[in-house]
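Data first, discussion second: the structure below is written as structure tokens.
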Amino acid sequence: VAAAAAALAAAAATAAGLPAGPGASEEPPPEAPALVAEEPQAVMLPSIAPEVEEEVPRCHLHRKLNKACKFCKAHHQFQEQRSKRIEEQRSAARERLKEESLAAASRGRGPDDKAPVPNLGSFPAVMLDRIHKSDYYNVLACSYGLSDLKNIINEGQACDVEARTDKSMDLEPSRFICCVYRMLVMQLTEGQLQSILDNRSCFIRCAGFLYVRLGMHCERYWELLSDSLMDPEEFVPFPGRNTEAITVGQFVEQLLTKDKYCDMTLPRIPVVHRKTINRRILLYGQFRKRFEANLEVLERFQEPGVVVEVCSPDGEWSRAQTLEPAKPGRTCSTLRVQFPGGGDPVDVSLGMVICPGAGSKAADGADLTRCRGRSAEELLERFEAQQKDTALAKGKDYCKTSGQHTLRVGGVPFVAGVKRKEPSESERVAAEEEAARRDSKRSGPSLEHQAKKAA
């Protein structure tokens with residue numbers, strides 16, 4: 001009986017998958033560890049689920065937003081929060097990219113390092129769309145290298161963003177702006193960009209200035225463009241619009257102070273940087289006059305060791321001593337000076353240097369080669385007063401745009417709202433004579449009638 005009971009117990013254990021024999025109940029089952037290992041996974045799943053945001057469905061009753069409906073309000077709030085979150089992520093990514101570019105610039109870049117262009121995403125959308133649809137850019141410009149782009153810009157002899165094609169009267173993106181955009185897409189290195197800014201051709205330099213204004217971060221505007229504000233070379237940037245010649249320095253000043261280049265909107269400069277740039281540029285009117293005056297008295301700086309005063313871009317004056325005679329450069333003459341505190345010698349423009357001395361003209365401030373001229377505070381006060389005066393209406397000048405608007409029909413611009421010019425007395429008499437001549441031709445017999453009568 002005992003043997004039969006043991007046999008039955010062994011058979012039952014074998015059927016259940018447990019080891020048979022004495023002491024079998026004391027050993028743990030082999031599946032127990034697997035069951036224990038699976039338990040933590042089931043516990044961790046609820047903590048992951050809350051990270052996935054549940055989308056709020058649209059209201060099933062209304063097509064448009066109904067402020068009294070709770071389903072409409074819930075869906076609208078969800079949409080606003082999601083849009084706000086996406087915009088914050090984009091802004092954070094942009095700021096992170098700009099900070100990385102500034103950090104890399106502060107560490108110093110070599111001539112073979114790519115110059116970051118964080119503002120490329122802010123390229124004017126309308127002009128960008130027109131460039132992408134341009135046959136010239138798609139067929140030719142998109143495959144050009146830097147040397148080919150330089151040659152095309154130099155041959156064009158214009159800085160306009162629009163030009164008429166040979167086959168039609170429609171305005172298309174000019175070769176100049178197509179080449180500038182091509183360079184932005186290529187992302188020039190620091191050495192390539194510096195070679196463009198120092199090129200002999202003023203049109204190639206202007207392409208480099210526009211490249212900086214459209215693509216670089218606003219923190220680098222002054223670093224890359226300030227030296228060219230003293231460039232005295234004259235040229236005609238827009239021969240198709242205006243034949244008036246300006247200097248390269250004035251061209252750069254307009255890029256830094258204005259929000260538009262021709263009809264193309266430039267990337268926005270933050271208010272803090274805008275104020276700093278405007279404050280510094282106010283001094284460059286005096287700097288240009290002093291530069292021309294110092295060119296006439298270059299003999300003062302022929303010997304080293306001359307005690308001079310140097311003005312910083314912020315209008316602060318410091319004493320220094322010349323180390324070498326004035327060096328005539330391609331864009332402007334510079335003077336190498338050493339400050340008393342030590343450090344490396346610095347090359348400064350002649351427009352920022354005075355040679356202090358006595359004299360009647362120096363005493364009354366007429367001689368800018370010996371006196372400091374107006375201070376930055378005085379110039380800033382005058383500039384702010386002018387801005388306040390221009391903001392107020394005077395007489396009939398109550399419209400800031402004077403009612404003039406430019407419309408485009410089929411690519412051809414039409415200017416509307418221009419005030420008629422009052423004709424002079426001679427023009428009025430000539431118009432009256434022409435009208436009388438037309439009336440006499442209409443009232444008299446025609447040439448055909450006169451020929452029939454003669455026959």
Side-chain angles (χ1 to χ4, degrees), residues 209 212-213 218-232 244 246-261 265-295 297 308-320 332 335 337 339 346 348-402:
F209 302 148
V212 173
R213 183 67 176 86
C218 60
E219 290 280 355
R220 300 198 65 189
Y221 286 169
W222 192 259
E223 169 197 348
L224 297 171
L225 302 180
S226 59
D227 292 340
S228 301
L229 286 169
M230 299 294 296
D231 194 336
E244 182 180 357
I246 62 174
T247 64
V248 176
Q250 292 173 342
F251 180 87
V252 177
E253 183 176 340
Q254 292 176 5
L255 279 179
L256 290 173
T257 56
K258 292 187 176 181
D259 297 327
K260 285 192 175 184
Y261 178 79
T265 304
L266 296 173
R268 177 183 172 272
I269 301 178
V271 177
V272 177
H273 299 290
R274 172 75 72 184
K275 288 183 178 179
T276 304
I277 290 174
N278 288 340
R279 180 186 177 88
R280 290 176 175 178
I281 285 181
L282 290 175
L283 296 168
Y284 274 81
Q286 284 189 153
F287 288 164
R288 295 189 184 104
K289 295 179 181 178
R290 185 179 289 114
F291 175 80
E292 296 177 357
N294 275 331
L295 287 179
V297 291
V308 296
E309 290 186 4
V310 180
C311 183
S312 69
D314 295 318
E316 299 176 355
W317 291 87
S318 305
R319 276 192 172 271
C332 60
L335 198 65
V337 299
F339 292 99
V346 181
V348 295
S349 172
L350 283 177
M352 302 181 180
V353 177
I354 64 172
C355 188
S360 58
K361 291 185 178 181
D364 58 5
D367 189 2
L368 290 176
T369 63
R370 294 192 178 276
C371 72
R372 298 181 178 182
R374 294 183 180 273
S375 64
E377 289 73 15
E378 294 178 6
L379 294 173
L380 184 61
E381 289 178 1
R382 291 182 60 186
F383 175 75
E384 291 177 350
Q386 291 176 359
Q387 292 293 317
K388 290 180 181 179
D389 292 341
T390 55
L392 300 176
K394 293 183 179 180
K396 295 182 179 180
D397 299 332
Y398 53 86
C399 183
K400 297 289 288 183
T401 62
S402 300

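Note that the structure is a prediction, hence the values are computed from the model and not measured.
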All side-chain contact (heavy atoms from CB on, under 4.5 Å) counterparts of Leu283, not counting sequence neighbours: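 For Leu283, the residues satisfying side-chain contact (heavy atoms from CB on, under 4.5 Å) (neighbours in sequence not counted) are Phe287, Ala376, Leu379.
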Who pairs with Val346 by side-chain contact (heavy atoms from CB on, under 4.5 Å), at least two apart in sequence or on another chain?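 Checked Val346 against side-chain contact (heavy atoms from CB on, under 4.5 Å); matches are Phe339, Val348.
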Could I get the full list of side-chain hydrogen bond (donor to acceptor under 3.5 Å, both in side chains) partners for [X], not counting sequence neighbours?
X: Glu253; value: Arg288
X: Arg274; value: Asp259
X: Gln250; value: none
X: Arg374; value: none

Which value, rounded to the nearest 0.5 Å, describes the distance between [X] atom [atom1] and [Y] atom [atom2]?
X: Glu219; Y: Leu224; atom1: CD; atom2: CG; result: 12.0 Å
X: Gln286; Y: Leu368; atom1: CD; atom2: CG; result: 6.0 Å
X: Leu380; Y: Lys275; atom1: CG; atom2: NZ; result: 10.0 Å
X: Leu295; Y: Thr369; atom1: CG; atom2: OG1; result: 11.5 Å
X: Leu282; Y: Ile277; atom1: CG; atom2: CD1; result: 12.0 Å
X: Ile281; Y: Leu256; atom1: CD1; atom2: CG; result: 4.5 Å

[X]: salt bridge (Lys or Arg N to Asp or Glu O under 4.0 Å) partners, not counting sequence neighbours:
X: Arg268; answer: none
X: Glu377; answer: Arg279
X: Arg213; answer: none

Verdict with reasoning, Thr265 to Lys260, per side-chain contact (heavy atoms from CB on, under 4.5 Å): CA-CA 4 Å; Thr265 304; Lys260 285 192 175 184; 3.8 Å; yes
Shortest non-hydrogen separation from [X] to [Y] and the atoms involved:
X: Cys218; Y: His273; value: SG-CD2, 3.5 Å
X: Val353; Y: Val308; value: CG1-CB, 3.8 Å
X: Met230; Y: Ser349; value: CE-OG, 3.8 Å

Not counting sequence neighbours, which residues clear ring pair (Phe, Tyr, Trp, His ring centres under 6.0 Å) with Tyr221? List them please.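 Tyr221 satisfies ring pair (Phe, Tyr, Trp, His ring centres under 6.0 Å) with no other residue.
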Are any of the side-chain heavy atoms of Arg290 and Ile354 separated by less than 4.5 Å?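 Yes. Closest side-chain heavy atoms under 4.5 Å.
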With a 4.5 Å cut-off on side-chain heavy atoms, are Ser226 and Pro313 touching?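 A side-chain contact is absent here, since even the closest heavy-atom pair is not under 4.5 Å.
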Can you check side-chain contact (heavy atoms from CB on, under 4.5 Å) on Val212 and Arg220, steps first, answer last? CA-CA 8 Å; Val212 173; Arg220 300 198 65 189; 5.9 Å; no
How are the rings of Trp222 and Tyr284 set relative to one another: parallel (under 30°), tilted (30 to 60°) or perpendicular (over 60°)?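 Judged by the thresholds at 30° and 60°, the geometry between Trp222 and Tyr284 is perpendicular.
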Indicate yes or no for a side-chain donor-acceptor contact from Asp231 to the backbone of Val248 under 3.5 Å, with no hydrogens or angles considered.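 A pair under 3.5 Å: no.
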Qualifying side chain to side chain donor-acceptor pair (under 3.5 Å) pairs with a residue from residues 308-320, counting only residues at least two apart or across chains: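 Found Arg280-Asp314, Glu309-Arg372.
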